[in-house]
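Along the sequence shown, residues are numbered consecutively beginning with 1. Values in this document were obtained by computation on a predicted structure and should not be read as measured data.
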Amino acid sequence: HHATLATFILTFFLGEAFSFWKRTLCHARVVQRTIADVLLLVSTHARRDETGRYTAPARELLDDTCKELKLLNILFGASVDNRFRSVASDRGLTKLTEMGIINAAQRDTLI
């Protein structure tokens with residue numbers, strides 16, 4: 001009698017955990033592909049000098065793009081799992097500002 005109940009409970013929760021994992025993986029892959037596409041486009045079209053190196057404005061654009069995509073990845077992770085929702089809270093965004101991941105203008109926009 002207890003074995004049947006335990007089997008049912010384990011099967012149910014395992015199925016729910018697998019569904020959550022599968023959904024999260026699909027969303028993460030979409031984000032990953034989008035990040036790769038953006039980086040490819042920006043790096044391909046960034047201006048280079050005669051030696052083939054990025055110019056200073058192009059390097060700044062690439063650095064800014066990487067920072068923005070890092071923020072996107074952090075906020076995506078915060079939206080997927082309730083354990084990390086605090087990252088997108090006022091306190092979490094303030095901490096990201098203190099860590100230098102975002103600036104005050106970005107924090108104010110997100111709050």
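For Arg83, the side-chain hydrogen bond (donor to acceptor under 3.5 Å, both in side chains) test picks out Asp81, with sequence neighbours left out. The side-chain hydrogen bond (donor to acceptor under 3.5 Å, both in side chains) check on Thr4 picks up nothing, with sequence neighbours excluded. Every residue meeting the side-chain contact (heavy atoms from CB on, under 4.5 Å) condition with Lys95, not counting sequence neighbours, appears here in chain and number order: Glu98, Met99. The side-chain hydrogen bond (donor to acceptor under 3.5 Å, both in side chains) test applied to Arg85 returns Asn82, not counting sequence neighbours.
Screening residues 48-62 for salt bridge (Lys or Arg N to Asp or Glu O under 4.0 Å), with sequence neighbours left out, gives Arg59-Asp63. Under the side-chain hydrogen bond (donor to acceptor under 3.5 Å, both in side chains) criterion, the residue pairs touching residues 65-80 are Glu68-Gln106, with sequence neighbours excluded. Identified under the ring pair (Phe, Tyr, Trp, His ring centres under 6.0 Å) test for residues 40-82, with sequence neighbours left out: none.
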Return a table of donor-acceptor pairs under 3.5 angstrom between the side chains of residues 29-43 and protein atoms on other chains or two or more places apart.
unit_1 : atom_1 : unit_2 : atom_2 : d
Arg29  : NH1    : Gln32  : OE1    : 2.8
Thr34  : OG1    : Val30  : O      : 2.9
Ser43  : OG     : Leu39  : O      : 2.8
Ser43  : OG     : Leu40  : O      : 3.3

Going by atom type alone, with no hydrogens or angles, which donor-acceptor pairs under 3.5 Å involve a side-chain atom of residues 8-25 and a protein atom two or more places apart or on another chain?
unit_1 : atom_1 : unit_2 : atom_2 : d
Thr11  : OG1    : Thr7   : O      : 2.7
Ser19  : OG     : Gly15  : O      : 3.0
Thr24  : OG1    : Phe20  : O      : 2.8

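Results of the side chain to side chain contact (heavy atoms under 4.5 Å, CB included) test with Leu93 over Thr109, Ile102, Asp108 single out Ile102 as the only residue that passes.
The shortest heavy-atom contact between Val87 and Ala78 is CB-CB, 3.9 Å. Taking all atoms of both residues into account, the shortest heavy-atom contact from Ala88 to Leu75 is CB-CD2, 4.3 Å.
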From CA spacing to verdict: side-chain contact (heavy atoms from CB on, under 4.5 Å), Leu110, Leu96 = CA-CA 12 Å; Leu110 291 168; Leu96 291 176; over 6 Å; no

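Each of Leu69 and Ile101 belongs to its own hydrophobic cluster when Ile, Leu, Val, Met, Phe, Trp and Tyr are linked at side-chain heavy-atom distances under 4.5 angstrom.
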